[in-house]
There are 4 protein chains.
Amino acid sequence: MSAEGQRAGRPRDSRVDASILAATREVLAETGYARLTVDAVAARAGVGKAAIYRRHATKQEMVFAATVHTMELPAPADTGAFITDLAALIDDVLATLGNPVALVTVPGLLAEITSDADLTVRFQQTFMERQRECVRAVLDRAVQRGELDEPPQTDLVHAMLVGPVFAWLFMIRGQSPEVFARDLAARLTSAFTGPSPSSPALVHLKSR
Amino acid sequence: MSAEGQRAGRPRDSRVDASILAATREVLAETGYARLTVDAVAARAGVGKAAIYRRHATKQEMVFAATVHTMELPAPADTGAFITDLAALIDDVLATLGNPVALVTVPGLLAEITSDADLTVRFQQTFMERQRECVRAVLDRAVQRGELDEPPQTDLVHAMLVGPVFAWLFMIRGQSPEVFARDLAARLTSAFTGPSPSSPALVHLKSR
Amino acid sequence: MSAEGQRAGRPRDSRVDASILAATREVLAETGYARLTVDAVAARAGVGKAAIYRRHATKQEMVFAATVHTMELPAPADTGAFITDLAALIDDVLATLGNPVALVTVPGLLAEITSDADLTVRFQQTFMERQRECVRAVLDRAVQRGELDEPPQTDLVHAMLVGPVFAWLFMIRGQSPEVFARDLAARLTSAFTGPSPSSPALVHLKSR
Amino acid sequence: MSAEGQRAGRPRDSRVDASILAATREVLAETGYARLTVDAVAARAGVGKAAIYRRHATKQEMVFAATVHTMELPAPADTGAFITDLAALIDDVLATLGNPVALVTVPGLLAEITSDADLTVRFQQTFMERQRECVRAVLDRAVQRGELDEPPQTDLVHAMLVGPVFAWLFMIRGQSPEVFARDLAARLTSAFTGPSPSSPALVHLKSR
DNA sequence: GTTTAAGCGAGACGGTACGTCCTGTCTTAAC
DNA sequence: GTTAAGACAGGACGTACCGTCTCGCTTAAAC
């Protein structure tokens, strides 16, 4: 008598898992998030809808599972200098958010995440936490190298790094993201290696 | 001498226009974008669905019309210094994106805009163009004051200003946005008044 | 100063009355009752919808007014014999129900009349009463001529005369209504000049 | 060896079929044809609208399916004589058209059938063909008994039998249909057992 | 080698919202 | 005060999608 849930019967077919996720990405690429339907994914995967819902509680979870893992940042390369570390990290973020599938998925997915508390938690604990780690690693290295004396708040750096990339892709819809990425890295380096952030003028401003 | 087709028949009732948009905002505030329905808006506005669809081709257009104009930035105040101008502009952006209605609307609306070419164009020509103007005005003033010698690209500043605010609100979901806004203003000042952006190291990086 | 309801302002344009009714008949002929809309009639008549509703309380009343009067039977000709009087009357009924407009209108109109108490009353008092008069006139003449000794119930004759024509046109959808009309007249003559209606066999049957 | 396409997937639930048709009849009885809505039927049946439209292409088809089969005539009883056979057949017709559900359904249904070519065909091939068979059977029996020498045209008898009943119920709106039915049977017996139908007078009339 | 319990493709199910259409009323400016 | 034009509230239509549920079958592990 085994202690755990005893799993009799036919085990799940891992090829089904894979084909659902692959089909999700294909349908996303073809129709975008807004026009993606579960039936279309099932048909594309050659799979019944029940097989999908046995694995993913909702359509949102399915898309989340199909895309978020492919958007996780790799470990940030140590390039030897803060500025190039930043540039490399920005390039990685751009690669995860700027590829064709992500371009038609990210806004819709973000909207779903925002309106669903469970997804919000998981999004924070996986995708966002991974990004935070990468940012922290780059900052720590810069401190160790002596490029930064006191490291700025991770969340601030995080927002100033991911936010502009997101805005460029989905709001500004600017051209040549590579040029943008290089300029952004340079500006961020200035921002964090420059003079003290809490200028008297701002303190003054706050009191208005 | 009437130039145009002169519109016989009963004219549109502007109170209906207003009550549709107001009801849309109310329903958004109560249920969020994802759970908003056209029937709910019609019922709330005391209006038939036909009156809505006579004015807005789709639900998306209706929400767009109801919210985008309320998110337009005011003219940026001249505070006397670049850093405080930036801080004021950031506060304005925060006010437009961080109010209770915007918090439950912006991600969904951005997703719809992204998946609809018409909305994209209108979004660019209204909301984004207005933001760009404000950014440009602040930069121009800084140049005139001598705080900046050669102004950075407007789009870059735009992305580095709006992007972090957006990321803070909808991705990082960080606390105390006022503190964040002040820190961001300081860092951006450093970023744009600091040393030259095109460092040799980055040129080198690009060739990898 | 007139004594009665004083009718200030512009009087109704009788050409509008006529063009509404004519347009109704045209639209009926083209699309049939089921697909007739008030807007289509208004457009066809070159008239506003208000002008229609000022004259007719509902769509049903409008169609009623446009068609029922054209379906009223003429006074039955005195042909000299019961059988030919019947045949002439049947021909008249066939002409009122079997013309192209009536063919696409009568079933729909009958359905509306059936589901509306007001229309039912008016239908009985105008169209049906007129038919009853015609039937009665033919029967009276036959009695005066000595072709019938005691006249059968008017309503029974009425049903046996109009019913078969209606059934032929809208249920059986039989061919050559002229031949049918002639045969029907002959059979009805037999029916009403034949032996006594209350046969012992039927009294017996009733008790089963 | 299965001959036909073999229907994978979940089969239709026959209880859903039944409950849709039953609910349709109930709603008809309560509100009449004109005020029947598909949503009301779905709600009453405890069924989604999709389940209805999966079975019936339009509201009209649904009502057709729900009612026409219940209006089919039973096999005509052999009562031993033509007159009583006719009376029994008339009673059956009266029972199918004169019950409470039929009274509020038949005119509306007939109107829909008339305006839809598909329904017309199906109506002819089912309901009307069944009636024709019954009429033919009664006539054949009368010929075999020697009560009729040459049988009259089936369609003519059909029209003269169903038409008056229909007219009595929906146009004349006469009282005591049982008395009417008995009188009608007697008159029809005279009509078809009486003298030759093609009188010289009628031939003469035709030439006017 | 069974047995057996779960997985599988297919597709029907209840429910909900969409966007369209029509009715009968109301509002405008023109006459 | 009527006219043509057309906006108005209300409500039904038929479609589409979601997440659940059967159906008859396959399939691997347990016996």
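Protein chains get the first letters and strands the later ones, always in sequence-line order, with residue 1 at the start of each.
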Participant: Need to verify one output field. Residue with the more 5' nearest nucleotide on DNA chain E, A:Ala51 or C:Val38?
Facilitator: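 First, find each residue's nearest nucleotide; the 5'-ward one identifies A:Ala51.
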Participant: Side-chain N or O of B:Lys59 less than 4.0 angstrom from OP1 or OP2 on E:dA17?
Facilitator: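 The answer is no; no side-chain N or O of B:Lys59 sits under 4.0 Å from OP1 or OP2.
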Participant: Looking at B:Arg54, I'd like to know whether one of its side-chain N or O atoms comes within less than 4.0 Å of OP1 or OP2 on F:dG6.
Facilitator: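 Checking F:dG6 against B:Arg54, no side-chain N or O comes under 4.0 Å of OP1 or OP2.
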Participant: Could you tell me whether the side chain of A:Lys49 has a donor or acceptor atom within less than 3.5 Å of a complementary atom in the base of F:dG19?
Facilitator: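 Yes, the side chain and the base share a sub-3.5 Å donor-acceptor pair.
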Participant: Considering heavy-atom distances to DNA chain F, does C:Val16 or D:Pro11 have its closest nucleotide positioned more toward the 5' end?
Facilitator: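 Residue closer to the 5' terminus by nearest nucleotide: C:Val16.
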Participant: According to a strict under-4.0 Å criterion, is C:Arg55 in side-chain N/O contact with OP1 or OP2 of F:dT3?
Facilitator: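 So the side-chain polar atoms of C:Arg55 do come within 4.0 Å of the phosphate oxygens OP1 or OP2 of F:dT3, strictly under.
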Participant: Go nucleotide by nucleotide along DNA chain F from the 5' end; which of A:Ala50 and C:Gly48 gets its closest nucleotide reached first?
Facilitator: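 It is C:Gly48 whose nearest nucleotide is closer to the 5' end.
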Participant: From the set F:dA7, E:dG14, E:dG7, return the single nucleotide nearest to any side-chain atom of A:Arg12.
Facilitator: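 Minimum distance to the A:Arg12 side chain belongs to E:dG7.
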Participant: By nearest heavy atom, map B:Thr37 and B:Arg10 onto DNA chain E; which one lands nearer the 5' end?
Facilitator: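 In this pair, the answer is B:Thr37.
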Participant: Hey, is the side chain of A:Tyr53 poking within less than 4.0 Å of OP1 or OP2 on F:dT20, counting only N and O atoms?
Facilitator: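 Result: no.
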Participant: Pick out which of C:Thr120, C:Ile113, C:Leu119 makes a side chain to side chain contact (heavy atoms under 4.5 Å, CB included) with C:Asp116.
Facilitator: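 The residue from C:Thr120, C:Ile113, C:Leu119 that satisfies side chain to side chain contact (heavy atoms under 4.5 Å, CB included) with C:Asp116 turns out to be C:Leu119.
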Participant: Is there a side-chain contact between A:Val104 and A:Tyr33 in this structure, where contact means two heavy atoms from C-beta onward sitting under 4.5 Å apart?
Facilitator: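 No. Closest side-chain heavy atoms not under 4.5 Å.
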Participant: Of the nucleotides F:dA7, F:dC18, E:dG9, which has the atom closest to the A:Asp39 side chain?
Facilitator: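 Of all the options, the side chain of A:Asp39 is nearest to F:dC18.
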